[in-house]
Undergrad: 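Quick one: the structure is below, and I'll ask about it shortly.
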Amino acid sequence: MAATETQLMLSVGLIEKDVNGDTLWVWCYPSVGADLRQVLLSKCCLTQDSRDFHTFVFGQFSRTWYYITTVEVQEPTALNKVTHFSIVVTAKDFNPEKYAALSRILCRMYIKHGSPVKMMEAYVTVLTKGICQSDENGSFLIKDYDVRKAYLAGSVKDVVSQFGMETIILYTALMLKRRIVVHHPRIEALLEFTRVLPTLTWHRKDWSILHPYVHLTDIEVEDLKKCPGYVAGFVDPEVSNRSDLFDVYVNLPDSVITVSQSAKEAMAMGKLHKDIGHLIVQSAEDAERSDSQVIKDISVKTKEILANLVALADECEDSKITLEGLKQRHFPPATENFLFHLAAAEQLLRI
């Protein structure tokens, strides 16, 4: 077990705010590159001008996941010149609950000992054995945190309850590997909402598309633009003017979804979309069905569509679909259009 799972962790770092109000990156193990360190400092609430205090945030930059836990130092402790500090864990995997649990233990160790040495020891133990045990600080077992649990932690029913039939726009954008930007001024709301969206395309189980906490800085925007399709979260309302960044824009506080002008043709809706939309809403509104059952219902429908697409491809030369081949089927225009773009997204299209 431990060999693969423990090697997902990349580093642990420490940011402190002292009694003079200065915030500094004070320590890390083994190391963090300069660009990533700059981004991590900007994500830490201790460096932000606002008075907002965020106990836990997470995100992705340059294919590295980061998890930041921040605590206020209550007197008296070994940290007499520090008012707040943040533990920053970087890793290759998406698993907020796992790294939040580990970080809480590391925080308690730092408060107790006032030195990063104990944290480093605990980090190394988790890295080598997949476990971290200490009587007063609680214990942590990597195997308690299955990745599927992390994927299923959000509520798809909440998303459907907020957007109803318009959820089909999100589903279509995800299926076609388009760019979705979500805005909400509260980072917690953003993290909760965006992490759910990849469940709508469960057959891919791909959370690498998720960038839940992005700032409109050159370095982050450049990093985001390297991804062909994504779900990106922004607290800055200015992102609504950045049409170069999205095909679909979600204004979360107002529950409004907008499709950009350039994506309207690919995202055109027809009877097929309406049928899928009804299925999603019907499943999500059923009080008897759990979130994971709703995800399964959507996934079954998705697999049916993909199986039909593969069957069409199999009839074509090189098992690749062409627009001419689709036209011979006389599908309704919106269905033909969707299948054409879906074939491109699934690499079933002859270029």
Side-chain angles (χ1 to χ4, degrees), residues 6 9-59 61 64-91 95-142 144-145 185-188 191 213 215 217 235:
T6 55
M9 276 201 304
L10 296 170
S11 74
V12 59
L14 178 64
I15 298 169
E16 285 182 349
K17 186 170 196 168
D18 64 22
V19 286
N20 302 319
D22 295 325
T23 303
L24 293 169
W25 180 284
V26 292
W27 174 85
C28 71
Y29 176 82
S31 66
V32 171
D35 283 354
L36 181 56
R37 183 180 296 203
Q38 182 191 329
V39 169
L40 295 173
L41 275 163
S42 74
K43 301 301 174 191
C44 172
C45 61
L46 303 181
T47 62
Q48 293 164 7
D49 297 332
S50 69
R51 290 272 162 260
D52 293 344
F53 184 80
H54 308 294
T55 52
F56 183 67
V57 297
F58 58 87
F61 174 76
T64 298
W65 286 98
Y66 59 83
Y67 303 91
I68 306 175
T69 301
T70 304
V71 295
E72 187 173 359
V73 177
Q74 307 288 348
E75 295 292 343
T77 71
L79 303 166
N80 55 3
K81 291 199 167 63
V82 176
T83 60
H84 303 77
F85 68 87
S86 297
I87 301 279
V88 184
V89 177
T90 66
N95 203 320
E97 287 68 31
K98 173 168 81 172
Y99 293 110
L102 175 61
S103 298
R104 281 194 297 271
I105 291 177
L106 297 179
C107 284
R108 289 197 287 268
M109 283 181 172
Y110 191 51
I111 287 170
K112 185 181 179 193
H113 299 284
S115 149
V117 175
K118 290 285 182 194
M119 285 200 299
M120 186 176 85
E121 287 171 1
Y123 174 85
V124 170
T125 311
V126 172
L127 212 50
T128 52
K129 298 180 180 168
I131 186 167
C132 163
Q133 270 179 317
S134 67
D135 302 335
E136 73 279 19
N137 296 319
S139 61
F140 170 83
L141 282 161
I142 273 192
D144 290 343
Y145 297 93
R186 273 183 54 247
I187 180 59
E188 289 81 5
L191 297 176
Y213 187 18
H215 283 106
T217 57
V235 289

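Residue indices begin at 1 and follow the sequence shown. These values consider heavy atoms only, across backbone and side chains, with no hydrogens, waters or symmetry-generated copies.
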Undergrad: I need the minimum non-hydrogen distance between Cys45 and His54, along with the two atoms involved.
TA: SG-N, 3.5 Å

Undergrad: Could you check Arg104 against Phe140 for side chain to side chain contact (heavy atoms under 4.5 Å, CB included), going step by step and ending with a plain yes or no?
TA: CA-CA 10 Å; Arg104 281 194 297 271; Phe140 170 83; over 6 Å; no

Undergrad: Between Trp27 and Val12, does a side chain to side chain contact (heavy atoms under 4.5 Å, CB included) hold up when you go through it step by step?
TA: CA-CA 9 Å; Trp27 174 85; Val12 59; 3.8 Å; yes

Undergrad: Roughly how far, to the nearest 0.5 Å, is the CZ atom of Arg108 from the NE2 atom of His113?
TA: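 The distance works out to 12.0 Å.
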
Undergrad: Could you report the tightest heavy-atom contact between Ile111 and Leu79, atom names first, then the distance?
TA: CA-CD1, 4.1 Å

Undergrad: Check the pair Lys118, Tyr110 against side chain to side chain contact (heavy atoms under 4.5 Å, CB included), reporting the backbone distance first and the verdict last.
TA: CA-CA 7 Å; Lys118 290 285 182 194; Tyr110 191 51; over 6 Å; no

Undergrad: Going through the distances and angles, do His84 and Glu16 end up as a side-chain hydrogen bond (donor to acceptor under 3.5 Å, both in side chains)?
TA: CA-CA 6 Å; His84 303 77; Glu16 285 182 349; over 6 Å; no

Undergrad: So, Thr47 and Thr23: side-chain donor and acceptor under 3.5 Å apart, yes or no?
TA: no

Undergrad: Just how far is it from atom CE of Met120 to atom SG of Cys28, taken to the nearest 0.5 Å?
TA: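 If we round to the nearest 0.5 Å, Met120:CE and Cys28:SG are 11.5 Å apart.
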
Undergrad: Would you confirm whether Asp18, through its side chain, and Thr83, through its main-chain N or O, come within 3.5 Å as a donor-acceptor pair?
TA: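 Answer holds: no.
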
Undergrad: Do the ring centers of Tyr213 and Phe58 come within less than 6.0 Å of each other?
TA: no

Undergrad: Mind running side-chain hydrogen bond (donor to acceptor under 3.5 Å, both in side chains) on Thr90 and Ser11 for me, showing each step along the way?
TA: CA-CA 5 Å; Thr90 66; Ser11 74; 2.6 Å; yes

Undergrad: Between Tyr67 (side chain only) and Asn95 (backbone N and O only), is there a donor and an acceptor less than 3.5 Å apart?
TA: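 Yes: the side chain of Tyr67 pairs with the backbone of Asn95.
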
Undergrad: If you take all heavy atoms of Val57 and Leu191, which pair is closest and at what distance?
TA: CA-CD1, 3.9 Å

Undergrad: Can you name the closest pair of heavy atoms from Cys107 and Thr69 and give their distance?
TA: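 Heavy atoms of Cys107 and Thr69 come nearest at SG-CG2, 4.0 Å.
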
Undergrad: Heavy-atom distance under 4.5 Å between the side chains of Val126 and Ile131, does that happen here?
TA: no

Undergrad: Can you see which heavy atom on Val88 is nearest to which on Trp25, and at what distance?
TA: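 So the two residues come closest at CG2-CZ3, 4.5 Å.
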
Undergrad: What are the two closest heavy atoms between Gly59 and Trp65, and how far apart are they?
TA: O-CE3, 3.1 Å

Undergrad: When you compare the side chain of Val235 with that of Pro185, does any pair of heavy atoms fall below 4.5 Å?
TA: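 Contact flag for Pro185/Val235 side chains = no.
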
Undergrad: Between Phe56 and Pro96, is there a side-chain heavy-atom distance shorter than 4.5 Å?
TA: yes

Undergrad: Hey, is the main chain of Asp22 close enough, under 3.5 Å, to the side chain of Asn20 for a donor-acceptor pair?
TA: no

Undergrad: How long is the gap from NZ on Lys98 to CG on Asp144, to the nearest 0.5 Å?
TA: 11.0 Å

Undergrad: Hey, could you give me the CG/SG distance between Leu127 and Cys132, rounded to the nearest 0.5 Å?
TA: 12.0 Å

Undergrad: How long is the straight-line distance from NE2 of His215 back to CZ of Phe61, given to the nearest 0.5 Å?
TA: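 The distance works out to 13.0 Å.
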
Undergrad: Can you find a heavy atom in the side chain of Met109 that is under 4.5 Å from one in the side chain of Ile105?
TA: yes

Undergrad: A side-chain contact here means heavy atoms from C-beta on lying under 4.5 Å apart; do Met9 and Leu102 qualify?
TA: yes

Undergrad: State which residues pass side chain to side chain contact (heavy atoms under 4.5 Å, CB included) with Ser86; sequence neighbours excluded, sorted by chain then number.
TA: Ile15, Cys44, Leu46, Ile68, Thr70

Undergrad: Quick one: pull up CG in Asp35 and OG1 in Thr64 and give me the separation to the nearest 0.5 Å.
TA: 11.0 Å

